[in-house]
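Here the structure comes first, spelled out in structure tokens, and everything after it is commentary.
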Amino acid sequence: MGKTAPNYDSPTSIKAFLEREGLWVTKRFGQNFLIDRSVRGRIVDALAVEPGMRVWEIGPGIGAMTALILEKRAHLTVFEIDHGFVRTLESLYNSCGDFSVVSGDMLKTWHAQTERPDRIFGNLPYNAAFAIIADLLEQNCVPERMVFTLQKEAARRMVARPGTKDYSSFSVLCASVCDVRILFDIGASSFWPQPRVTSSVVQLVPATSPVPAELRKGFSDFVRAAFALRRKTLRNSLRGWLNGNLAAIDETARDAILLETLLGLGHRAEIRAEALSPGELFALYRELLARASASC
Ligand code: SAM
């Protein structure tokens with residue numbers, strides 16, 4: 001006979017369940033369970049899952065959200081790093097419709113999936129949230145809708161505008177691929193164990209004119225280089241990138257090309273990455289790529 005899930009709203013029930021299963025909460029994996037039923041419901045509503053859709057859940061834990069998605073009669077694949085949780089999820093949900101568990105670090109396992117999902121969601125481990133979202137966007141695994149719960153500060157960075165303190169290479173990548181919206185915040189008391197921070201739920205839908213998939217990884221690396229020395233001008237911060245991409249040209253000529261390109265696009269010579277919009281950074285990247293291929 002299958003196991004019975006805990007009452008996901010009750011820390012006492014979850015603690016007793018973990019103990020019975022010989023499991024424990026691991027800080028390293030950012031394990032905080034969402035114990036607020038109404039918040040779980042709002043996330044499911046935001047995902048707009050329809051029967052038969054292929055859904056990926058990242059970091060299901062012991063299944064608080066999993067159960068709700070299976071109720072929607074979706075084909076659900078969950079990615080969980082904690083082997084103990086994997087065992088438990090299998091025994092709780094293997095008999096509930098179309099359900100499969102991929103064991104291990106999601107960043108290493110999702111690429112092997114042969115079918116792309118219609119929805120992706122997850123209450124993401126705080127330390128891996130950026131890497132997971134960036135990888136999905138860079139590798140063009142961008143379904144019609146994604147809904148992620150992450151640290152409020154991280155959510156702010158996703159939607160930050162040029163010239164603000166939260167604007168970063170991650171903001172540029174997100175805006176270059178998706179329209180991102182913060183849906184609502186979740187207080188720490190909605191989780192067990194309680195995190196020290198407030199969380200936010202963000203929704204990502206594909207942008208109408210995203211950076212083309214084949215240029216995305218290269219553009220993302222370029223933007224990271226541009227923001228790496230945040231207080232420096234682009235002519236300083238892009239030195240290393242130019243080195244690697246315009247290697248056939250000597251350093252003085254490389255700087256002259258960058259300067260010429262910046263001025264040609266209507267920017268000041270001493271401009272910093274944080275002043276440029278995602279579209280302006282992409283135009284600069286494309287222009288420099290064209291110069292790089294002309295110099296080969
Ligand atoms: N979804 C559950 C909930 O809301 O109650 C648990 C969310 S908990 C914040 C994050 C989950 O992600 C944990 O179960 C953790 O083990 C898992 N996790 C952490 N890093 C992971 C990774 N790299 N790949 C897959 N799962 C990961």
Side-chain angles (χ1 to χ4, degrees), residues 5-15 17-18 21 23-47 49 55-71 74 76-90 92-93 99-113 117 119-136 139 141 146-152 154-155 183-202:
N7 172 357
Y8 290 116
D9 302 329
S10 157
T12 312
S13 172
I14 294 172
K15 267 186 247 176
F17 178 82
L18 291 176
E21 293 286 308
L23 301 173
W24 53 89
V25 170
T26 308
K27 249 196 177 153
R28 182 163 58 97
F29 293 148
Q31 293 172 345
N32 306 94
F33 306 114
L34 194 44
I35 56 168
D36 186 324
R37 178 186 295 253
S38 72
V39 172
R40 293 199 300 270
R42 287 176 77 187
I43 293 172
V44 173
D45 289 347
L47 260 183
V49 173
V55 180
W56 286 4
E57 178 179 8
I58 305 170
I62 51 172
M65 298 294 301
T66 310
L68 298 177
I69 300 300
L70 285 170
E71 280 171 16
L76 179 61
T77 301
V78 302
F79 299 80
E80 175 55 59
I81 201 168
D82 186 312
H83 296 300
F85 288 3
V86 167
R87 241 189 311 109
T88 295
L89 286 161
E90 284 172 341
L92 283 175
Y93 295 112
F99 174 72
S100 58
V101 186
V102 180
S103 177
D105 180 350
M106 191 269 173
L107 283 167
K108 298 190 181 130
T109 56
W110 78 264
H111 299 263
Q113 295 296 305
R119 300 283 187 268
I120 304 181
F121 80 102
N123 172 9
L124 298 181
Y126 292 148
N127 54 3
F130 277 1
I132 289 172
I133 296 173
D135 196 40
L136 292 170
Q139 305 302 323
C141 185
M146 299 192 270
V147 176
F148 296 121
T149 303
L150 66 175
Q151 211 170 328
K152 185 174 180 176
L183 298 181
F184 56 91
D185 290 344
I186 313 178
S189 62
S190 292
F191 296 92
W192 181 84
Q194 279 196 23
R196 273 194 297 251
V197 295
T198 301
S199 303
S200 298
V201 176
V202 293

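Remember, it's 1-based here, ligands and their atoms both numbered in the order they're listed.
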Applying side chain to side chain donor-acceptor pair (under 3.5 Å) to Q151 and S199, what does each step give before you reach the verdict?
CA-CA 4 Å; Q151 211 170 328; S199 303; over 6 Å; no

Using the ring of F184 (Phe, Tyr or Trp, six-membered ring only), decide whether R42 places NZ or CZ under 6.0 Å from its centre and within 45 degrees of its axis.
yes

List of N/O pairs, ligand 1 versus protein, all under 3.5 Å?
{"residue": "ligand 1", "atom": "1 (N)", "partner": "G59", "partner atom": "O", "Å": "2.8"}
{"residue": "ligand 1", "atom": "1 (N)", "partner": "P60", "partner atom": "O", "Å": "3.4"}
{"residue": "ligand 1", "atom": "4 (O)", "partner": "N123", "partner atom": "ND2", "Å": "2.8"}
{"residue": "ligand 1", "atom": "5 (O)", "partner": "L34", "partner atom": "N", "Å": "2.9"}
{"residue": "ligand 1", "atom": "14 (O)", "partner": "G61", "partner atom": "N", "Å": "3.2"}
{"residue": "ligand 1", "atom": "14 (O)", "partner": "E80", "partner atom": "OE1", "Å": "2.8"}
{"residue": "ligand 1", "atom": "14 (O)", "partner": "E80", "partner atom": "OE2", "Å": "3.4"}
{"residue": "ligand 1", "atom": "16 (O)", "partner": "Q31", "partner atom": "NE2", "Å": "2.8"}
{"residue": "ligand 1", "atom": "16 (O)", "partner": "E80", "partner atom": "OE2", "Å": "2.5"}
{"residue": "ligand 1", "atom": "23 (N)", "partner": "D105", "partner atom": "OD1", "Å": "2.9"}
{"residue": "ligand 1", "atom": "24 (N)", "partner": "M106", "partner atom": "N", "Å": "2.9"}
{"residue": "ligand 1", "atom": "26 (N)", "partner": "I81", "partner atom": "N", "Å": "3.3"}

Counting the benzene-type ring for Trp, do F79 and W56 have ring centres under 6.0 Å apart?
yes

Relative to each other, are the rings of Y93 and F99 parallel, tilted or perpendicular (30° and 60° limits)?
perpendicular

Chi angles and distances behind the side chain to side chain donor-acceptor pair (under 3.5 Å) call for D185, S200
CA-CA 4 Å; D185 290 344; S200 298; 2.8 Å; yes

Would you say S189 and Q194 are linked by a side-chain donor-acceptor pair, where the criterion is simply a distance under 3.5 Å?
no

